[in-house]
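Below: the structure, in structure tokens.
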Protein chains: 2
Amino acid sequence: MATIYDIAKKTGFSTTTVSKALNNYSDVSEKTKQKILQAVEEMGYLPNAHAQSLSTKKSWTIGVMFSESNEVGMKHPFFSAIIESFRKNAEREGYDLIFASRNLRNRDISYLEHFSYRAVDGIVVICSDPQDPQVQEMINSTIPIVVIDMNKQNCSLVFSDNIEGGKLAVNYLHSLGHTKIAHIAGDALTDAGAERIKGFKKAMNELNLPIHDGYLINGGLFSIGEGKAAMEKLLMLDDVPTAVFVAGDHMAIGAIEAIKEKGLSVPEDISIIGYDDIEMAAYITPKLTTIKQDTDMIGYQAAKLLMKQIIQKKKLITSKRIPVELIIRESCSQKK
Amino acid sequence: MATIYDIAKKTGFSTTTVSKALNNYSDVSEKTKQKILQAVEEMGYLPNAHAQSLSTKKSWTIGVMFSESNEVGMKHPFFSAIIESFRKNAEREGYDLIFASRNLRNRDISYLEHFSYRAVDGIVVICSDPQDPQVQEMINSTIPIVVIDMNKQNCSLVFSDNIEGGKLAVNYLHSLGHTKIAHIAGDALTDAGAERIKGFKKAMNELNLPIHDGYLINGGLFSIGEGKAAMEKLLMLDDVPTAVFVAGDHMAIGAIEAIKEKGLSVPEDISIIGYDDIEMAAYITPKLTTIKQDTDMIGYQAAKLLMKQIIQKKKLITSKRIPVELIIRESCSQKK
DNA sequence: CTCTTTACCGAAAGCGCTTTCGTTAATGAA
DNA sequence: TTCATTAACGAAAGCGCTTTCGGTAAAGAG
């Protein structure tokens with residue numbers, strides 16, 4: 001690879017001048033700048049990112065930490081949609097994403113250490129466990145950070161309006177005539193799970209609807225299997241609900257499965273409304289009515305918030321609550 | 001951040017010795033090594049990746065280029081599953097993944113240039129267009145590379161056994177008594193599409209089954225919409241097939257939609273078999289029978305092939321064909 | 001007791017780039 | 001014509017690390 005030195009030699013200028021020409025310094029004449037640019041072209045010169053970062057202390061990279069309990073990594077449709085949006089926006093500003101592991105050449109180091117090692121300019125974390133010590137460590141560090149899907153951390157936050165989402169779901173169900181509404185909740189240890197429960201309770205309360213015994217059930221960490229198991233419990237109740245608000249689409253899919261296996265059908269016997277609006281939601285049978293999270297907007301705002309911190313060179317404590325939307329499909333129907 | 005110089009000062013040794021201790025050189029005594037390691041611990045020292053890369057010419061990063069026509073990026077379930085597997089395997093060897101764009105600080109440069117700039121140790125590309133000039137440029141460069149989902153390039157390749165997959169599908173359909181079998185193909189410009197067509201034809205031939213006019217139809221770039229459109233054309237034929245092998249699960253989902261809208265049902269009226277086995281396949285109605293691509297294995301072999309080239313410091317021209325598997329679910333049934 | 005090994009350690013150069021600060025020549029002001 | 005500006009360029013240090021090549025002292029050989 002040609003270096004800055006090579007093109008200095010070729011043009012007869014010093015490396016200083018070459019560097020300046022490349023970085024648009026004002027104290028280099030237009031004429032020499034053109035000569036240099038031409039040599040750059042001819043020799044196919046490209047700067048070396050590492051040398052550049054070493055001397056400027058800026059790497060133009062953003063570390064992404066992806067953590068969810070089910071070990072699916074980037075296969076997770078909701079998280080990966082957010083990251084994709086984040087990537088597009090960060091890209092536009094000139095940043096590359098780097099996915100780091102905890103394993104630095106077989107020494108088990110923390111994510112923060114790994115990101116420090118790589119000298120990333122910022123970190124984005126998508127994580128559902130608000131207590132994760134790794135995440136806490138990063139939040140407490142000096143590296144700009146934005147965390148997605150949590151709502152009360154001492155840093156910049158981007159999350160969906162989960163309370164509103166819960167209310168939307170319940171109100172919709174109620175508008176269809178349902179009163180015996182259950183909630184298969186996401187684990188209350190996750191902020192998203194807890195907030196959706198809050199929204200559920202609030203809406204039920206405002207509607208003067210009682211929450212029957214056993215109608216608020218923990219569906220765990222949002223997986224299909226857990227959703228199915230939770231629904232099975234609901235089905236064993238003496239007084240089975242006529243509608244259930246499920247805190248995640250995967251869980252909702254599991255719930256529907258449980259209902260079908262029991263010989264009942266959705267929405268005729270039981271209405272189901274999910275949360276997320278993953279791609280699959282529109283294609284299962286019945287097509288899933290759900291609360292859509294705006295992954296594009298989440299990614300966009302996260303990128304924006306992170307850029308802002310990087311530019312201002314200081315961590316900002318802000319939160320951005322992103323609106324959600326009711327997507328009506330076929331899994332809910334009028335109470336008979 | 002503490003540097004190697006700081007810990008040299010603290011321990012009284014030279015930076016040379018510190019570096020050697022950290023890199024397990026043999027010419028540093030156990031005693032001084034321990035002293036240095038302790039200082040490292042106390043000061044929370046971490047090496048600087050950029051300085052290290054600059055001097056060793058090795059960055060411990062792998063560039064990933066993700067390209068598919070539908071602009072979904074990492075949301076693509078099949079591709080992201082492969083990348084996830086690749087990541088896990090590369091990680092184990094100490095590599096981080098970097099997702100680069102074509103936009104280097106607002107200058108529009110090629111992927112190859114971007115990866116050169118970042119000085120990645122290797123490149124993995126998942127791309128369906130074998131002619132993509134960007135991909136060709138990378139293949140012709142000196143950077144180790146492995147490309148996934150193509151099967152005749154002058155580099156290391158990993159791909160599914162698409163011919164066998166096509167045959168598996170047709171044979172299965174035939175075993176159910178079907179003879180009027182159509183194929184909604186992936187674009188023949190993609191290797192995967194072309195090979196599946198080959199498998200389809202071969203199997204039909206071996207079975208002495210004629211391919212009726214209009215039974216081989218181009219479904220384009222594997223999207224739901226295109227699959228639906230293709231199926232609609234099949235449904236307009238005078239002699240509608242009783243079974244169709246669809247070259248991708250997304251297209252299959254679209255095909256099923258078309259069939260349902262026509263008032264027919266799967267598999268009672270028409271059997272459908274897909275390709276890929278994306279997550280959704282198991283949850284749509286009817287559950288999709290499909291040819292499963294082994295994404296874990298593809299990612300694993302790709303990582304292995306890339307590591308090998310990196311270690312040997314030379315590009316290798318090999319291909320790894322990964323077996324596929326018939327997954328029987330509910331979208332195909334005995335011909336009535 | 002002398003000579004060759006061996007074990008340890010360090011000086012210094014180099015990786016490719018940026019940036020401060022100084023220098024020179026050309027320009028304008030007086 | 002002389003002095004202060006300004007424009008254009010370069011020397012050199014520095015970013016944090018690795019690695020070659022010597023050098024010294026201790027150990028072993030003869």
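All of these numbers come straight from a predicted model, not from anything done at the bench. A note on names: the letters A, B, ... follow the listed sequences, proteins ahead of strands, and every chain is numbered from 1.
Taking side-chain N and O atoms only, B:Gln52 has no distance below 4.0 Å to OP1 or OP2 of D:dG16. Using a 4.0 Å cut-off, no side-chain N or O of B:Ser19 falls inside it from OP1 or OP2 of D:dC17. Within the 4.0 Å cut-off from OP1 or OP2 of C:dC17, not a single side-chain nitrogen or oxygen of B:Tyr117 is found. Here A:Tyr25 does not reach the OP1 or OP2 of C:dT20: none of its side-chain N or O atoms lies under 4.0 Å away.
Residue pairs meeting the side chain to side chain donor-acceptor pair (under 3.5 Å) criterion with at least one partner in residues 27-38 of chain B, sequence neighbours excluded, are B:Lys20-B:Asp27, B:Asn24-B:Lys33, B:Glu30-B:Gln34, B:Gln38-B:Glu42.
Looking at residues two or more places apart in sequence or on another chain, you find no side chain to side chain donor-acceptor pair (under 3.5 Å) involving A:Ser80. For A:Ser160, the side chain to side chain donor-acceptor pair (under 3.5 Å) test picks out A:Gln293, with sequence neighbours left out.
If you find the closest nucleotide of DNA chain C to B:Thr56 and to A:Thr56, the one lying nearer the 5' end belongs to B:Thr56.
Axis deviation across the helix from C:dC1-D:dG30 to C:dA30-D:dT1 amounts to 40°, comparing end segments of five pairs, rounded to 10 degrees.
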Could you list the donor-acceptor pairs under 3.5 angstrom formed between side-chain atoms of residues 139-147 of chain A and any protein atom two or more places apart in sequence or on another chain?
| from | atom 1 | to | atom 2 | distance (Å) |
| --- | --- | --- | --- | --- |
| A:Asn140 | ND2 | A:Gln136 | O | 3.1 |
| A:Ser141 | OG | A:Met138 | O | 2.8 |
| A:Ser141 | OG | A:Ile143 | N | 3.2 |

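Counted by atom type alone, A:Tyr111 and A:Glu137 present zero donor-acceptor pairs between their side chains at under 3.5 Å. B:Thr16 and B:Ser19 share no side-chain donor-acceptor pair at under 3.5 Å.
Counting only distance, with no hydrogens or angles, the side chain of B:Asn48 and the backbone of B:His50 share a donor-acceptor pair below 3.5 Å.
Considering all non-hydrogen atoms of both residues, A:Ala100 and A:His114 come closest at CB-CD2, 3.6 Å. When all heavy atoms of A:Ala90 and A:Ala303 are compared, the closest pair comes out as N-CB, 4.3 Å.
For A:Asn23, whose side chain is taken as the heavy atoms from C-beta onward, the closest listed nucleotide among D:dT19, C:dT18, D:dG16 is C:dT18.
B:Leu54 has its CG atom 12 Å from the P atom of D:dT19, to the nearest Å. Taking atom OH on B:Tyr5 and atom P on D:dT18, their separation rounds to 17 Å, with Å as the unit. Per the geometry, CG belonging to B:Asn48 stands 13 Å off C1' belonging to C:dC15, to the nearest Å. Rounded to whole Å, atom P of C:dG16 lies 15 Å from atom CG of A:Leu22. For A:Trp60 and C:dC17, the CH2 to P distance is 17 Å, given to the nearest whole Å. When the P atom of D:dA8 is taken as reference, atom CD1 of A:Ile36 falls 13 Å away, rounded to whole Å. One atom, NE2 of A:His50, and another, C1' of C:dC17, lie 13 Å apart when rounded to the nearest Å. As a whole-Å value, the separation of A:Lys9 NZ from C:dG16 C1' is 14 Å.
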> Can you give one letter per nucleotide of nucleotides 4-14 of chain C, 5' to 3': B if a protein heavy atom sits under 4.0 Å from the base, S if only from the sugar-phosphate, - if neither?
Replying inline: ----BBBBB-B
